[in-house]
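Report on one structure; see the data block that follows.
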Amino acid sequence: MASVSLKHIYKKYPGGVTAVSDFNLDIKDKEFLVLVGPSGCGKTTTLRMIAGLEEISEGELFIGDQLVNDVAPKDRKIAMVFQNYALYPHMTVFENMAFGLKLNKTPKEEIKRRVEEAARILDITHLLDRKPKALSGGQKQRVALGRAIVRNPKVFLLDEPLSNLDAKLRASMRTELTKLHQNVGTTFIYVTHDQVEAMTMATRIVVMKDGIIQQVDTPQNLYDYPCNIFVAGFIGTPQMNFINGKLVKKGEDVYFEFEDKSLKLPAEKASNPDLKDYIGQEVIAGLRPEAIHDEPMHLATFADSTVDTYVEVTELMGAEIYLYLTIGETNLIARVSSRSTSRAGDNIKVAFDLSRLHIFDKDTERCIVH
């Protein structure tokens with residue numbers, strides 16, 4: 001097994017396009033690391049540089065203790081699982097899984113043992129004699145994973161492997177991949193644009209934008225302590241609400257004012273020394289949908305931070321309801337209990353849990369206070 005280390009990695013294309021810029025990251029042995037970000041942010045390019053499918057323009061890449069910048073992909077002891085599965089249509093599942101081992105002149109008995117072991121782990125033993133056209137999307141995905149497992153790689157690279165599956169199958173395959181990681185005990189580096197996949201599977205997440213790392217942390221820390229507006233908005237469904245307003249000091253208290261509302265900040269946030277330079281300045285406040293409440297119990301608990309809103313749309317999600325609210329020109333989403341009686345067209349009071357308020361610098365979009 002192996003750690004992976006990327007030191008000042010750049011990918012520059014002819015014409016001055018820089019796809020990945022000064023990428024620095026140490027990936028621990030047996031870690032499940034997820035690269036996440038919007039399309040075109042450089043995550044797949046980074047993965048392909050680790051695989052050796054893209055040349056590194058600048059920087060050093062280590063797998064274990066070995067510098068691999070000039071090592072051929074086949075000699076890097078990595079296995080890659082692609083978005084489109086890349087199975088050979090004329091071969092059976094067994095032959096597809098065994099193909100790489102045959103190329104490496106692995107003995108027949110060893111090939112048989114490894115393929116059968118991988119098939120058992122992935123629950124595809126009954127499919128070994130079938131051809132890809134007779135398989136469902138989920139079964140093809142397992143075969144592609146099996147072909148990678150049999151090689152006993154030091155590092156698994158997975159490029160959006162679930163994006164071709166339907167929603168239900170994606171959810172079950174997320175669980176399967178997590179179990180697979182635990183069973184195989186190998187380093188996984190996984191690329192996705194789906195932040196739900198990132199949050200549910202990763203030990204750490206790398207959030208990327210425009211080829212630059214924005215933040216690297218555990219899923220929970222990214223959710224609770226985003227470093228800037230981009231990360232705050234990208235992680236979480238529905239995304240964080242952002243409210244333009246101003247910080248005002250009245251006596252010893254600090255208030256966030258927006259539209260015609262004035263909300264008193266909790267003492268622990270108001271006393272944060274990083275806020276003092278922003279008094280009297282315009283800032284952006286961030287509040288997650290689950291920190292906006294419409295139930296009487298919460299309205300009583302957060303009586304000092306209730307505001308009047310208009311309900312534009314409601315979405316019943318089964319276990320919860322999303323309320324799309326407006327306060328003047330400000331649009332908000334609240335994630336409330338399925339017991340909520342709020343309906344589209346209602347004027348209602350909602351309470352903000354300001355202990356969960358984030359405050360961002362309007363110009364740099366950096367988080368000032370969590």
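Position 1 is the first residue of the sequence; numbering continues from there.
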Problem set entry | For Pro153 against Ile149, the heavy-atom pair lying closest together | CD-O, 3.9 Å

For this session: Determine whether Leu177 and Leu158 make a side-chain contact, defined as any pair of heavy atoms from C-beta on separated by less than 4.5 Å.
Result: yes

Problem set entry | Heavy-atom pair with the smallest gap, counting every atom of Gly52 and Pro73 | O-CG, 3.4 Å

For this session: Evaluate side-chain contact (heavy atoms from CB on, under 4.5 Å) for Leu354 paired with Phe256, printing each intermediate quantity in order.
Result: CA-CA 10 Å; Leu354 295 180; Phe256 175 71; over 6 Å; no

Can I get a per-line list of side-chain donor-acceptor pairs under 3.5 Å for residues 363-370, giving both atom names and the distance, sequence neighbours left out?
residue	atom	partner	partner atom	Å
Thr364	OG1	Arg366	N	3.2
His370	ND1	His358	ND1	3.3

Exercise. Roughly how far, to the nearest 0.5 Å, is CZ of Arg339 from CD of Glu295?
Worked result: 5.0 Å

Exercise. Going by the salt bridge (Lys or Arg N to Asp or Glu O under 4.0 Å) test, which pairs reach into residues 72-91, not counting sequence neighbours?
Worked result: none

Problem set entry | Side chain proximity check, Lys43 to Thr192, heavy atoms < 4.5 angstrom | no

Seminar exercise, completed: So salt bridge (Lys or Arg N to Asp or Glu O under 4.0 Å) across residues 323-335, not counting sequence neighbours, yields Glu290-Arg335, Glu320-Arg335

Problem set entry | Thr309, Asp308, Thr306 screened by side-chain hydrogen bond (donor to acceptor under 3.5 Å, both in side chains) with Lys349, the one that passes | Asp308

Exercise. Transitively linked via ILVMFWY side-chain contacts under 4.5 Å: Phe352 with Val254?
Worked result: yes

Seminar exercise, completed: One should read off an interatomic distance between Met201 CE and Met173 CE, to the nearest 0.5 angstrom, of 9.5 Å

For this session: Applying side-chain contact (heavy atoms from CB on, under 4.5 Å), run through Val350 and Val307 and close with a yes or a no.
Result: CA-CA 6 Å; Val350 295; Val307 295; 3.7 Å; yes

Exercise. How about Glu160 and His193: does a side-chain donor come under 3.5 Å of a side-chain acceptor?
Worked result: yes

Exercise. side-chain hydrogen bond (donor to acceptor under 3.5 Å, both in side chains) with Glu116: which residues, sequence neighbours excluded?
Worked result: Lys112

Exercise. Any link between Val115 and Phe156 through a network of hydrophobic side chains (Ile, Leu, Val, Met, Phe, Trp, Tyr) touching at under 4.5 Å?
Worked result: yes

Exercise. Can you check whether Leu180 reaches Glu176 side chain to side chain, under 4.5 Å on heavy atoms?
Worked result: no

Exercise. Which one of Asp217, Thr218, Asp224 satisfies the side-chain hydrogen bond (donor to acceptor under 3.5 Å, both in side chains) criterion with Gln220?
Worked result: Asp224

Exercise. Between the main-chain N or O of Val150 and the side-chain N or O of Arg114, is there a donor-acceptor pair closer than 3.5 Å?
Worked result: yes

Exercise. So Met199 and Thr237, side-chain contact (heavy atoms from CB on, under 4.5 Å) or not? Walk me through it.
Worked result: CA-CA 11 Å; Met199 290 291 286; Thr237 306; over 6 Å; no

Exercise. Are Leu128 and Val143 connected in a single hydrophobic cluster, I mean Ile/Leu/Val/Met/Phe/Trp/Tyr linked by side-chain heavy atoms less than 4.5 Å apart?
Worked result: yes

Exercise. Can you tell me how far CG of Asp346 sits from OG1 of Thr314, rounded to the nearest 0.5 angstrom?
Worked result: 9.0 Å

Exercise. Which pairs with one or both residues in residues 77-98 pass ring pair (Phe, Tyr, Trp, His ring centres under 6.0 Å), sequence neighbours excluded?
Worked result: Tyr88-Phe99

Exercise. Taking Lys7 for the side chain and Leu61 for the main chain, is one N or O donor matched with an acceptor at less than 3.5 Å?
Worked result: no

For this session: Any pair with a residue in residues 261-271 that passes salt bridge (Lys or Arg N to Asp or Glu O under 4.0 Å), sequence neighbours left out, goes on the list, sorted by first then second residue, please.
Result: Asp253-Lys264

Problem set entry | Taking every non-hydrogen atom, the tightest pair across Gly42 and Val20 | O-CG2, 3.6 Å

Exercise. Is the closest side-chain heavy-atom distance between Thr46 and Leu6 below 4.5 Å?
Worked result: yes

For this session: Considering non-hydrogen atoms only, spot the tightest contact between Pro219 and Ala202 and give its length.
Result: CG-O, 3.5 Å

Exercise. Hey, quick one: are Val71 and Ile9 part of the same hydrophobic cluster, counting side-chain heavy atoms closer than 4.5 Å, chains of contacts allowed?
Worked result: yes

Problem set entry | Side chain proximity check, Asp22 to Tyr10, heavy atoms < 4.5 angstrom | yes

Exercise. Side-chain contact, heavy-atom cut-off 4.5 Å: Leu35 with Phe23?
Worked result: yes

For this session: Apply side-chain contact (heavy atoms from CB on, under 4.5 Å) to Gln215 and Asn221, showing your working.
Result: CA-CA 10 Å; Gln215 190 170 355; Asn221 279 351; 5.9 Å; no

Exercise. Going by the ring pair (Phe, Tyr, Trp, His ring centres under 6.0 Å) test, which pairs reach into residues 267-295, not counting sequence neighbours?
Worked result: His293-His298, His293-Phe302

For this session: Might you point out which heavy atoms bring Thr187 and Lys30 nearest each other, and give the distance in Å?
Result: OG1-N, 2.9 Å

Exercise. Does some side-chain heavy atom of Leu323 sit less than 4.5 Å from a side-chain heavy atom of Ile348?
Worked result: yes

Exercise. Is any side-chain heavy atom of Met80 less than 4.5 Å from a side-chain heavy atom of Ile50?
Worked result: no

Exercise. Can Arg113 and Glu109 be counted as an ion pair, charged N to O under 4.0 angstrom?
Worked result: no

Problem set entry | Sequence-distant partners of Arg151, salt bridge (Lys or Arg N to Asp or Glu O under 4.0 Å), two or more places apart | none

Atom pairs and distances, donor-acceptor, side-chain atoms in residues 240-249, under 3.5 Å, two or more places apart:
residue	atom	partner	partner atom	Å
Asn241	OD1	Ile333	N	2.7
Asn241	ND2	Leu287	O	3.1
Asn241	ND2	Ile333	O	2.8

Seminar exercise, completed: For Gln195 and Gly236, the nearest pair of non-hydrogen atoms, with its separation, is OE1-N, 2.9 Å

Exercise. If you measure from CG on Leu222 to CD on Gln214, what distance do you get to the nearest 0.5 Å?
Worked result: 11.5 Å

Exercise. Going from CG on Leu265 to CD1 on Ile359, what distance comes out if it is rounded to the nearest 0.5 angstrom?
Worked result: 4.5 Å

For this session: Kindly work out whether a path of hydrophobic side-chain contacts (I/L/V/M/F/W/Y, heavy atoms less than 4.5 Å apart) joins Ile327 to Ile292.
Result: yes

For this session: Check whether more than 12 heavy atoms from other residues, nucleotides or ligands sit under 6.0 Å from atom OH of Tyr223, and answer yes or no.
Result: yes

Problem set entry | Where at least one partner belongs to residues 27-52, residue pairs that pass ring pair (Phe, Tyr, Trp, His ring centres under 6.0 Å), sequence neighbours excluded | Phe32-His181, Phe32-Phe188, Phe32-Tyr190

Exercise. How about Lys250: does its NZ atom have over 12 heavy atoms from other parts shown lying under 6.0 Å from it?
Worked result: yes

Exercise. When rounded to the nearest 0.5 angstrom, what is the spacing between CG in Asp274 and CG in Asp361?
Worked result: 11.0 Å

Exercise. Quick check: are there more than 12 heavy atoms from other residues, nucleotides or ligands sitting under 6.0 Å from CD of Glu282?
Worked result: no

Problem set entry | Pairs touching residues 303-339 that satisfy ring pair (Phe, Tyr, Trp, His ring centres under 6.0 Å), sequence neighbours left out | none

For this session: Taking salt bridge (Lys or Arg N to Asp or Glu O under 4.0 Å) as the test, write out the residues that go with Arg130, two or more places apart.
Result: none

Exercise. In terms of side-chain heavy atoms, does Asp26 have a donor or acceptor partner in Ser5 at a distance below 3.5 Å?
Worked result: yes

